[in-house]
Amino acid sequence: MSPAASNTSRIRDEFLAAFRSFLRCEGLKSTRQRDLIVSEFAAASGHVSVEELLRRVRAIDSAVGYATVYRTLKLMVGAGLAGVRNFGEGFARYEPLGEDHHDHLICESCGSIVEFHDHELERRQDQVAADLGYRVTHHRHELFGICAHCLRSGVDPDAVSASQPNPMIPGSALPGAFRRYLGRRRLRVTRQRMSIVETFSKVEDHVSVDDLLARVKREDSSVGYATVYRTLKLLVDAGLAADRQFGDGFTRFEPRPEQHHDHFVDEESGKVLEFHEPRIEARQEEIARAHGFRLTRHRHDLFGLPLVTPGKGRT
């Protein structure tokens with residue numbers, strides 16, 4: 001057996017042993033199909049979707065179904081053996097969780113993913129958190145661009161950037177821009193839709209559907225949840241709003257800002273703070289170039305807890 005094959009076999013055995021131990025603690029059975037799924041997942045390179053892992057497993061056992069793969073992946077996430085990632089493709093990807101933390105560069109043309117870890121970025125993140133009165137517990141940092149292979153193939157990064165929603169729309173102009181969007185789509189401009197958009201244009205934080213509904217109902221009690229939800233989705237489709245997921249189980253929305261910013265999430269209160277750090281922005285460009293990427297956009301979310309001041313408790 002070659003050294004590479006021996007190492008893969010060792011990783012599979014260790015991963016499978018850890019998963020079986022988790023199942024025993026949870027009072028769950030270790031089955032042949034689960035073992036196969038876990039072994040193939042441990043041996044997979046990169047970040048796999050349910051469909052990709054299913055194809056690998058079915059090459060060995062055609063009887064394994066989608067639901068079994070999905071449930072086993074969820075169990076691995078629950079066991080702390082796998083992480084789930086969403087790179088804006090409309091589906092989740094899973095990766096084994098190792099000892100070394102890493103972030104991701106994603107090609108928006110071919111979908112290839114490069115892992116990276118940068119100590120300078122980590123230090124800058126810690127400083128941003130400290131300046132806000134927090135300490136970082138974890139973060140999500142994803143850089144999107146066009147990889148060297150796609151650039152050589154003639155993919156135009158400027159065309160990709162132009163396809164992204166325009167972020168330069170001030171809140172006061174949002175209702176008018178939404179009216180024009182509805183006109184282009186031949187959709188009705190209703191009193192309720194415009195009332196929702198007027199209220200949304202004045203928000204200064206990140207609101208859920210329930211948050212915005214409560215605000216709109218102060219002016220018009222006839223507006224319902226479904227109308228608010230559909231209007232927010234239209235705003236996102238129009239590029240006039242952004243939807244954000246901060247890992248707390250629901251989606252928040254914000255008007256497209258006039259200036260780019262990233263997010264810090266207080267894990268105790270759920271409060272979302274905005275920040276912009278030029279040195280982080282510059283370092284992201286350097287990392288992308290080092291990997292042959294032309295950067296088009298990024299997503300950077302920090303999560304943390306308030307700092308503890310000696311003798312005073314948390315600040």
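More than 12 heavy atoms of other residues, nucleotides or ligands shown are found within 6.0 angstrom of NE2 on H276. Enclosure of atom NZ in K217 by more than 12 non-hydrogen atoms of other residues, nucleotides or ligands within 6.0 angstrom is indicated. In this structure, E14 places its CD atom where more than 12 heavy-atom neighbours from other residues, nucleotides or ligands lie under 6.0 Å away.
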Worksheet item: Does the side chain to side chain contact (heavy atoms under 4.5 Å, CB included) test come out yes or no for H117 and H119, once each step is laid out?
Response: CA-CA 7 Å; H117 179 80; H119 293 291; 3.5 Å; yes

Worksheet item: Going through the distances and angles, do V207 and R215 end up as a side chain to side chain contact (heavy atoms under 4.5 Å, CB included)?
Response: CA-CA 10 Å; V207 295; R215 301 183 194 195; 3.5 Å; yes

Fill in: Test log, rule side chain to side chain contact (heavy atoms under 4.5 Å, CB included), inputs K74 and Y94
CA-CA 9 Å; K74 295 297 284 184; Y94 298 81; 4.1 Å; yes

Practice prompt. Please report the C-alpha distance between R180 and R184 in whole Å, then the side-chain angles of each, then the deciding distance to 0.1 Å, and finally whether the side chain to side chain contact (heavy atoms under 4.5 Å, CB included) criterion is met.
Written response: CA-CA 6 Å; R180 291 191 293 275; R184 291 194 300 271; 3.9 Å; yes

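For the atom pair CD1 (I106) and SG (C147), the distance works out to 12.0 Å, reported to the nearest 0.5 Å. The CG atom of L143 lies 12.5 Å from the SG atom of C107; values are rounded to the nearest 0.5 Å. We find the CG-CG distance between L232 and L212 to be 5.5 Å, quoted to the nearest 0.5 Å. Interatomic distance, L187 CG to F178 CZ, rounded to the nearest 0.5 Å: 8.0 Å. Taking CD1 of I196 as the reference point, atom CG of L235 lies at 9.0 Å (rounded to 0.5 Å). Atom CZ of R297 and atom CD of E142 lie 9.0 Å apart (nearest 0.5 Å).
With hydrogens and angles ignored, the 3.5 Å screen pairs a side-chain donor or acceptor of R193 with a backbone N or O of R188. Of the possible polar contacts, one joining the D211 side chain to the S208 backbone as a donor-acceptor pair under 3.5 Å is found. A donor-acceptor pair under 3.5 Å is absent between the side-chain atoms of T72 and the main chain of R34, judged by distance alone. The closest donor-acceptor contact from the side chain of T199 to the backbone of S195 lies under 3.5 Å.
Considering all non-hydrogen atoms of both residues, F41 and P96 come closest at CZ-N, 3.4 Å. Counting all heavy atoms, side chain and backbone alike, V155 lies closest to S109 at CG2-OG, 3.5 Å. Shown here for M76 and F15, the closest heavy-atom pair between the two residues is SD-CE2, 3.5 Å. Heavy-atom minimum distance, H300 versus F275: ND1-CZ, 4.3 Å. Heavy-atom minimum distance, A43 versus R12: CB-NE, 3.1 Å. Closest heavy-atom contact between P175 and M194: O-CE, 3.6 Å.
By the 30° and 60° cut-offs, the orientation of the rings of Y66 relative to Y70 is parallel.
Between K202 and E198 a salt bridge is recorded (basic side-chain N to carboxylate O distance below 4.0 Å). A salt bridge does not link E120 to R279: none of the charged side-chain nitrogens sits closer than 4.0 Å to a carboxylate oxygen. One finds no salt bridge joining D237 and R185 here, because no Lys/Arg side-chain nitrogen approaches an Asp/Glu carboxylate oxygen to under 4.0 Å.
For the side chain to side chain contact (heavy atoms under 4.5 Å, CB included) test with I37, the passing option among L54, V64, T31 is V64; the others fail.
Using a 4.5 Å heavy-atom threshold, the side chains of Q125 and H139 count as touching. The shortest distance between side-chain heavy atoms of D103 and Q284 does not fall below 4.5 Å. Contact annotation: the side chain of R123 never approaches that of Q127 to less than 4.5 Å [non-hydrogen atoms, C-beta and beyond]. Proximity of L81 to V38: side-chain heavy atoms (C-beta onward) are nowhere separated by under 4.5 Å. Using a 4.5 Å heavy-atom threshold, the side chains of H104 and E95 count as touching. With contacts defined as side-chain heavy-atom distances shorter than 4.5 Å, the pair E51/V69 does not qualify. Between D266 and L273 the shortest side-chain heavy-atom distance does not fall below 4.5 Å. D118 is not listed as a side-chain neighbour of E286, based on a closest heavy-atom distance of 4.5 Å or more.
D262 and H141 share no side-chain donor-acceptor pair at under 3.5 Å.
Taking the centre of each ring, Y134 and F264 come in below the 6.0 Å mark.
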